[in-house]
Amino acid sequence: MAYPFQITSMEQYEKAYRESIDNPDQYWSSVAEHFHWRKKWDRVLDWNFIEPKIEWFGGGKLNITENCIDRHLETMGDKPAIIWEPNHPDERTRIVTYNRLHKRVCQFAQVLKNNGVKKGDRVCIYMGMVPELAYAVLGCARIGAIHSVIFGGFSAQSIADRLEDAKAEYIVTCDGAYRGGKDIPLKSVIDDALMGNKVVKRVIVYTRTRTPVSMIKGRDVWWEDEMEHAEAQVERENVVSMPATEMDAEDPLFILYTSGSTGKPKGVVHSCAGYMIWATYTFVNVFQYKPGEIHFCTADVGWITGHSYIIYGPLCAGATSLMFEGIPTYPDAGRFWDIVDKHKVNFLYTAPTAIRSLMGFGLDPLKGKDLSSLKKLGTVGEPINEEAWHWYDENVGNKKCPIVDTWWQTETGGVLISNLAGVTPSRPGWATLPLPGVLPKLVDEQGKEVVEKDENGLLKGNLCIAAPWPGIIRTTYGDHERCRVNYFATYENLYFTGDGALKDENGFYRITGRVDDVLNVSGHRIGTAEVENAINMHAGVVESAVVGYAHEIKGQGIYAYVIFNGHKKDDDMTRKDILATVSRIIGPIAKPDKIQFVPGLPKTRSGKIMRRILRKIAEGETSNLGDVSTLLDPGVVEEIRAGKV
Ligand code: PRX
């Protein structure tokens, strides 16, 4: 498959960018023509950011799985779609060709149908990184069910909240998942999440770890039995495959929950056509994918990166996507390099936090590993520090691989700002230029575009986008007003990203991090309010305030200030209890790195917590805490500073 919309020179980039802004309808219809439509669209774009209403390719009909699978079968049926690398290297690799993927996805779509799933129903997927996870996702898309994948690190309570919000009636899970040296009992977490739940009708359980699980009559069924049954049915009824359900361009494809500055995660909704085109267009252009290359994205499908760049983008482009079940440090810190060597990986896409953690093991794990197949590298999820960038460049890329620093978000569906590998220039620590169709604007607190440069000749402001691109969020599930307030109401007629950025004289952007109360821990988004709510669930906690601080490996660590008046014999034990509470309410990923017990919190007279001061103390700043005179009780600051952990 060739990609007529692939940009291969700086001149082409400049031309495409201009066209996409001057005449978006023409530009995006020329891209969309290269996808498979049941019916062509009537209008390319209809939008306003007031409601907001965003419709791309209105009137068009399609099914994303026909684009990801069926259309490749004739020419590439025997080519690997997914190469699966297990948690432990002693276990067998699995290679899933496009033909096999087609068969399994159709079969699982049949299973879903047999179990009562219909177009528009919500299916929650809580699985480890096995090929069956891709079959489940694509099986939903095949029949127009809306999938909501939940990362395996979330707790039963988090799952219960998401099930309720999505009003999901179906779940696909595994008995357990392997992650490094651990077995995670996924089904048992689901069982806890379902205590008292009267809405979920069916739980389909795939066997991975063969951990004993409870199977509730009338509710729980085994994946393997259901698949066998579907296969027999297909043979008996002599149907070749499960036909794909025709979807409207703007029908929802999936929900993915993500944290914001409120205490409750929101269900970001992406559409069928716009998301498909954005995921594929960015995959082909940012990573400069060439047919036959092996693409390795190390993310988990539980996050947007896995949705867009393990499943939808690569498969839609007919690529070979490597899916890895394990973690970078198991059985040792050479695991990524072994995989690159073994499968002759051409593109490696990972998070700065993984690079920093691997840097800590020195160069030994790289010895004897042939990384010469690598042509391009990429990073995602958080700002990359220059030291990590150079380590990646020198030791992994051997100074021969362009590195793409890709900035984007769950809400954007795919990359918005990044260099294009080897095509447009890179600069360490800078995401650089916007993709065609992306109109960034830096604004001040009042929403006025920043025009004055700072002392370094840079523009600095809050990063907004002034017009919709095909992959933009359409709504937050079940609550459109929330979507408006969160993203489109801070500044008039702009999508607000929540990030701060710098812009240099070349028009390059550098993302400096969140400007709202959202943390980025190891490339994962966590809302401070969510963590505070979880800490406050502990019986002895009166109040808490959570801030981020610079963490050498994770990028940001979580620092919690806690007012505690419960029974406390020993601080350490109480800290552990609080951690267990957070694990129970959100999941282990949200556990604070540091907990400091404090007598009070610095508040203004109107009762607002002065987080600026808490952030500075967490960062270890002892002088220059700024003006504390407006505080209700300035004395508390001294006590907090003295007790820093
Ligand atoms: O702060 C930005 C940071 O991650 C946030 C989005 O998080 P999430 O929706 O979980 O998606 C992560 C994967 C796309 C952004 O608001 N971020 C993401 N990529 C970068 C980044 N910060 C700096 N540089 C990046 N390349």
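Counting starts at 1 for both ligands and their atoms, in listed order. Counting from 1, the numbers follow the sequence of the chain as shown.
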Thr305, portion touching ligand 1 at heavy-atom distance under 4.0 Å: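 Side chain only.
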Part of Glu382 within contact of ligand 1 (heavy atoms, under 4.0 Å):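 Contact part for Glu382 vs ligand 1: backbone (N, CA, C, O).
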Is the closest basic N to carboxylate O distance between [X] and [Y] below 4.0 Å?
{"X": "Arg474", "Y": "Glu250", "answer": "yes"}
{"X": "Asp504", "Y": "Arg427", "answer": "yes"}
{"X": "Arg611", "Y": "Glu532", "answer": "yes"}
{"X": "Arg335", "Y": "Glu85", "answer": "yes"}
{"X": "Lys376", "Y": "Glu293", "answer": "yes"}

Within 45° cone of Tyr549 ring axis and under 6.0 Å: Lys594 NZ or CZ: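 Output yes; distance and angle both within limits.
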Please list, in number order, the atoms of ligand 1 under 4.0 Å from a heavy atom of [X].
{"X": "Val380", "value": "13 (C), 14 (C)"}
{"X": "Asn520", "value": "3 (C), 4 (O)"}
{"X": "Ile511", "value": "22 (N), 23 (C)"}
{"X": "Trp408", "value": "6 (C), 14 (C), 15 (C), 18 (C), 19 (N)"}
{"X": "Thr406", "value": "19 (N), 20 (C), 25 (C), 26 (N)"}
{"X": "Asp499", "value": "1 (O), 2 (C), 15 (C), 16 (O)"}
{"X": "Arg525", "value": "6 (C), 7 (O), 8 (P), 9 (O), 10 (O)"}

Check: Phe508 main-chain N/O paired with Thr432 side-chain donor or acceptor under 3.5 Å: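 Here the side-chain-to-backbone pair does not exist.
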Test item, Pro383 contacting ligand 1 (heavy atom, 4.0 angstrom):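 Yes; Pro383 lies near enough to ligand 1 that a heavy-atom distance drops under 4.0 Å.
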Ligand 1 contact by Gly498, heavy-atom criterion under 4.0 angstrom: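 It does not; every heavy atom stays at 4.0 Å or beyond.
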Polar proximity ligand 1 side, Thr258 side, N/O cut 3.5 Å exclusive: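 By distance alone, the answer is no.
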Polar proximity ligand 1 side, Glu411 side, N/O cut 3.5 Å exclusive: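 No, there is no polar N/O contact under 3.5 Å.
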Which residues share a salt bridge (Lys or Arg N to Asp or Glu O under 4.0 Å) with Arg584, sequence neighbours left out: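 Applying salt bridge (Lys or Arg N to Asp or Glu O under 4.0 Å) to Arg584 gives none.
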Nearest-neighbour protein heavy atom for atom 9 (O) of ligand 1, which is reported as residue plus atom name and distance: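 Its nearest protein heavy-atom neighbour is Thr410 OG1, 2.6 Å.
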Tyr289 versus Asn346, side-chain donor and acceptor atoms under 3.5 Å: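 No - no donor-acceptor pair under 3.5 Å links their side chains.
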Atom CD of Glu387: over 12 foreign heavy atoms under 6.0 Å: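 Counting neighbours around CD of Glu387, 12 or fewer heavy atoms of other residues, nucleotides or ligands fall under 6.0 Å, so no.
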Proximity winner for atom 3 (C) of ligand 1, if only heavy atoms of Ala431, Gly500, Gly381, Ser308 are counted: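 Shortest heavy-atom distance from atom 3 (C) of ligand 1: Gly381.
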